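Data block below; observations after.
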Amino acid sequence: MKFETDFNHLYPDFFRNLAVAHPRLTPKDLTLCALLVMRYDTNAIAEILDLDPHSVDAQRSKLRKGFALAAEQSLTTYLLRFTGEPSRS
């Protein structure tokens, strides 16, 4: 998958860092996290993953709950912590 190769080139430590902090994430969760880090919006993610946008929103909510994020915390900003890069929010 070209996206995965490109993503790993840009953020070589992301999946490892995220898996250390959250070892129960599924491959589907990891893919969604990577797409969020790349700043894809809900509709683009839905198209890429062949899902309904409401399903993407539900998956995002599941991730937020699993990460125990407060309502005011940005999921994308949280995920950017695992890239090793400064936040760009």
Side-chain angles (χ1 to χ4, degrees):
M1 174 188 231
K2 184 168 177 12
F3 170 79
E4 187 175 337
T5 302
D6 291 347
F7 185 86
N8 283 325
H9 180 71
L10 288 171
Y11 305 110
D13 299 325
F14 177 76
F15 290 117
R16 182 188 48 171
N17 292 342
L18 188 58
V20 166
H22 302 284
R24 293 183 180 215
L25 291 174
T26 66
K28 188 164 97 174
D29 293 335
L30 293 170
T31 299
L32 178 58
C33 290
L35 292 168
L36 292 169
V37 165
M38 295 298 292
R39 305 292 185 138
Y40 284 97
D41 66 21
T42 298
N43 289 328
I45 292 170
E47 187 173 323
I48 290 166
L49 299 178
D50 195 28
L51 295 171
D52 183 88
H54 297 293
S55 296
V56 174
D57 286 337
Q59 288 179 354
R60 290 171 72 123
S61 293
K62 178 184 155 235
L63 284 175
R64 290 183 60 76
K65 183 177 179 181
F67 296 152
L69 297 181
E72 65 276 359
Q73 285 182 282
S74 163
L75 177 57
T76 301
T77 300
Y78 177 77
L79 292 170
L80 283 168
R81 294 177 32 202
F82 299 98
T83 65
E85 300 282 319
S87 177
R88 301 175 303 208
S89 49

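Bear in mind that the values here come from a model prediction, so they are computed numbers and not experimental data.
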Q.
I want to check something: taking the side chain as every heavy atom from C-beta on, are M38 and Y11 in contact at a cut-off of under 4.5 Å?
A. yes
Q. Are the side chain of R64 and the backbone N or O of A70 linked by a donor-acceptor pair below 3.5 Å?
A. yes
Q: Grab the two heavy atoms, one from P53 and one from N43, that are nearest each other, plus how far apart they are.
A: CG-OD1, 3.5 Å
Q: Name all residues meeting the side chain to side chain donor-acceptor pair (under 3.5 Å) criterion together with R16; count only those two or more places apart in sequence or in a different chain, and write none if there are none.
A: D13
Q: Please round to the nearest 0.5 Å and tell me the distance separating atom CG of L69 and atom OG1 of T77.
A: 10.0 Å
Q: Output all residues satisfying side chain to side chain donor-acceptor pair (under 3.5 Å) with K62, sequence neighbours left out; order by chain, then residue number.
A: D29
**Q.** Between CG on residue L18 and CG on residue L30, distance to nearest 0.5 Å
**A.** 6.0 Å
Q.
Please verify the inter-ring angle class for H22 with F67; under 30° counts as parallel, over 60° as perpendicular, anything in between as tilted.
A. tilted
Q. Just wondering, more than 12 heavy atoms not from E47 lying within 6.0 Å of its CD?
A. no
Q | Nearest heavy atoms of C33 and L63, plus distance in Å | A | SG-CD1, 3.8 Å
(Q) I want to check something: taking the side chain as every heavy atom from C-beta on, are I45 and Q59 in contact at a cut-off of under 4.5 Å? (A) no
Q | L49 and L35, any side-chain heavy atoms less than 4.5 Å apart | A | yes
**Q.** Parallel, tilted or perpendicular, as decided by the 30° and 60° cut-offs, for the rings of F15 and F7
**A.** tilted
Q | Sub-4.5 Å side-chain heavy-atom contact between L32 and K28 | A | no
Q: Search all heavy atoms of L36 against all heavy atoms of T76 and return the closest pair with its distance.
A: O-CG2, 3.5 Å
Q: Can you see which heavy atom on D52 is nearest to which on H54, and at what distance?
A: OD2-N, 2.8 Å
Q | Heavy-atom pair of closest approach, residues D41 and A44 | A | OD1-N, 2.8 Å
